Amino acid sequence: MSTEFKNTPLIDFSDEENRRKMEDAISKVESELGKEWSLIINGKRIKCRDQFFSRNPSDYEQIIGIYQKADQQRAVMALDAAIKTFETWRFAPAEERAEYCFKIVDLMRENRFKLAAWMILEVGKSWVEADADVAEGIDLIKFYAHEVLRYAAEQPLTKVAYEESELRYIPLGAGIVITPWNFPIAILGGMTAGAFAAGNTVVLKPSSDAPGVARKFMEILEKANLPPGVVNLVTGAGSDIGDTLVIYPQTRFISFTGSKEVGLRINEHASRISMGQKWIKRVIAEMGGKNAIIVDTEADLDSAVEGVVASAFGYSGQKCSACSRAVVVSDVYDDFIERLIERTKKIKIGPAKYYENWMGPVINLKALASIMDYVEIGKREGRLLYGGRRINGNGNFIEPTIIDNLDRRATICQEEIFGPVLSIIKAQDFKDAIEIANDSEYGLTGSVYSENQEKLDLAKDLFHVGNLYFNRKCTGALVGVHPFGGFNMSGTDSKAGGRDYLLLFTQAKSISKKI
Ligand code: NAP
């Protein structure tokens, strides 16, 4: 067991040997595609009446796999398994739970290239993004293993002469973990492990756009000999089974990451008390963003351009932390725009399975249509500076798109687009730039490029986001270094990868004995 948490270094793909390993992993995974996979409930493989396909967004003809479409009955079956298993798992010592996590981490390291290859094919991540996703997943699970041990240790209490006291963090019960497709290892692994490492049992409902990666993660849990029923995998449409899972009276908590619309629906349903329910359900909901990068007059413009491009177009803008608004102070506006366009022209787009493609597809046809609708709205609301077209072919490719001449309240400056579309807003001065950045219902990430410390200090006080960065991109939070979660409609600020996270999956029991 490791004793100190350290972040996992990323794989260097400039090394030929690493490139060869990734190519081999992609070929290996391609040879495994197209199979049918079951639900996993209490360790048993369960089939359903209906199934659905997962497809490669870089090549819609390529079927990743066939997955079970669970109905409400199967959802309840999974919940019952989690509820029953909780009666034993809740007593598993912290050391044992942490040890499972360390074993899982070892297995993820062994399968690092293969896990990344699954993501490259199923959700269209570039090699670098896919590897970063696996590394983050490893880090989150390792970090939570350390945290389990920290919370199990003696907790600091004020001592009195007449009593002996202790404080224990005990688990909540059986809960639901509902995950998005865009970080199918990091977010899914972190949310699931956080919940079970704290002593809870889980029904895991992954996104219907990434069931294959979820299935691979389950295989790793099984190889680590995590007891059956601790995590139960239920694939299928959230719209079919989501409400059932949330409303069920014995559901103790719901840990959700996804869109604002679904998160708010879950929050509302969870707040209603069902017959036989004897607790207030805990909802941890991490939702969308409309993140801004401020470019000040005293910024290093080349560095700002790099940061904006990486944050806006990395993984085709499909990160909750992505920059979708660049707020540029008027004195440097024209210069910044010119350099930004030149840099954006160099982006190479294409199927994610080829290393040279920096930007891959968007996740599915529905997302593609929605993003193209926003591009049309943007063209009416402002001036199309670059991109704006779909790229023909078998995949869901869209050009990186830049639109300016926008009012700060324009639709494309307010609504989350979740694609490679960047709005540029001109600010009169630095204070105006902060007001524009804060003019959003979201508050997830933000960044400021300026060499002036006084302005950065002002941003520390006024820029209202959960993750604020200076002179760097607004994506790429590191576990333990940048605990991650947002304000306002971005969610409940759970701070994944931080020291408060596991508290969300526990309740504190104070015990005192008179002496
Ligand atoms: P989504 O459409 O909200 O889906 C998220 C999950 O919710 C999926 O598993 C989905 O299942 C499920 N779901 C759908 N309807 C449901 C219902 N009625 N009840 C319960 N669950 C239901 O989001 P997404 O497209 O996967 O992910 C993109 C969104 O996630 C963006 O808004 C992004 O900003 C946000 N996000 C936030 C963070 C963060 O940390 N704040 C991180 C990553 C992503 P189906 O797939 O079967 O519909």
Side-chain angles (χ1 to χ4, degrees), residues 50 52 54 57 67-70 72 75 122-123 133 136 140 176-188 190-192 194 203-214 233-248 251 254-270 283-291 315-324 362-364 366-368 370-371 415-419 440-445 465-467 474-475 477 482-498 501:
D50 298 325
F52 67 101
S54 169
Y67 297 89
Q68 305 303 313
K69 203 170 181 193
Q72 294 176 6
E122 188 168 47
V123 298
D133 194 323
E136 188 181 348
L140 284 167
I176 319 295
V177 171
I178 303 175
T179 60
W181 49 266
N182 67 337
F183 281 86
I185 285 290
I187 291 184
L188 179 143
M191 289 169 69
T192 307
V203 172
L204 169 59
K205 195 336 245 158
S207 163
S208 298
D209 285 304
V213 182
L233 177 72
V234 174
T235 51
S239 51
D240 289 345
I241 55 172
D243 290 354
T244 305
L245 291 167
V246 172
I247 290 166
Y248 202 62
T251 296
I254 301 106
S255 177
F256 168 81
T257 302
S259 62
K260 179 189 85 175
E261 291 67 28
V262 175
L264 293 182
R265 180 187 177 94
I266 288 173
N267 195 45
E268 190 182 335
H269 280 302
V283 176
I284 302 140
E286 292 312 314
M287 313 191 298
K290 192 71 198 172
N291 311 302
Y315 193 31
S316 303
Q318 301 172 111
K319 299 181 189 177
C320 53
S321 56
C323 168
S324 53
V362 299
I363 189 68
N364 57 33
K366 194 171 157 216
L368 186 130
S370 158
I371 296 163
E415 295 181 12
E416 188 184 45
I417 300 172
F418 222 57
S440 165
E441 64 175 340
Y442 296 105
L444 188 45
T445 73
V465 289
N467 284 70
C474 64
T475 54
H482 316 113
F484 188 81
F487 301 156
N488 300 344
M489 284 298 175
S490 289
T492 50
D493 192 33
S494 68
K495 288 294 182 269
Y501 190 71

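Quick caveat: nothing in here was measured; it's all calculated off a predicted structure. Order of listing sets the numbers, starting from 1, for every ligand and every atom in it.
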Do [X] side-chain atoms and [Y] backbone N/O form a donor-acceptor pair below 3.5 Å?
{"X": "Thr445", "Y": "Ser321", "answer": "yes"}
{"X": "Ser316", "Y": "Gln318", "answer": "no"}
{"X": "Thr235", "Y": "Lys69", "answer": "no"}
{"X": "Ser490", "Y": "Met287", "answer": "no"}

- Between Glu122 and Ser54, do the side chains contain an N or O donor and an N or O acceptor separated by less than 3.5 Å? yes
- Message: Could you walk me through whether Glu286 and Thr492 satisfy the side-chain contact (heavy atoms from CB on, under 4.5 Å) test, starting with their C-alpha distance in whole Å, then the side-chain angles of each, then the deciding distance to 0.1 Å, before giving a yes or no?
- Response: CA-CA 6 Å; Glu286 292 312 314; Thr492 50; 3.2 Å; yes
For ligand 1, find each of its N or O atoms that sits under 3.5 Å from a protein N or O atom, and tabulate the pairs with distances to one decimal place.
unit_1   : atom_1 : unit_2 : atom_2 : d
ligand 1 : 3 (O)  : Ser259 : N      : 2.8
ligand 1 : 3 (O)  : Ser259 : OG     : 2.6
ligand 1 : 9 (O)  : Thr179 : O      : 2.8
ligand 1 : 9 (O)  : Lys205 : NZ     : 3.4
ligand 1 : 11 (O) : Lys205 : NZ     : 2.9
ligand 1 : 23 (O) : Ser259 : N      : 3.4
ligand 1 : 25 (O) : Trp181 : NE1    : 3.0
ligand 1 : 26 (O) : Trp181 : NE1    : 3.4
ligand 1 : 30 (O) : Gly258 : O      : 3.3
ligand 1 : 32 (O) : Glu416 : OE1    : 2.6
ligand 1 : 34 (O) : Glu416 : OE2    : 2.6
ligand 1 : 41 (N) : Met287 : N      : 3.4
ligand 1 : 41 (N) : Met287 : O      : 2.7
ligand 1 : 46 (O) : Ser208 : N      : 2.8
ligand 1 : 47 (O) : Lys205 : NZ     : 2.9
ligand 1 : 47 (O) : Ser208 : OG     : 2.6
ligand 1 : 47 (O) : Gly236 : O      : 3.3
ligand 1 : 47 (O) : Gly238 : N      : 2.8

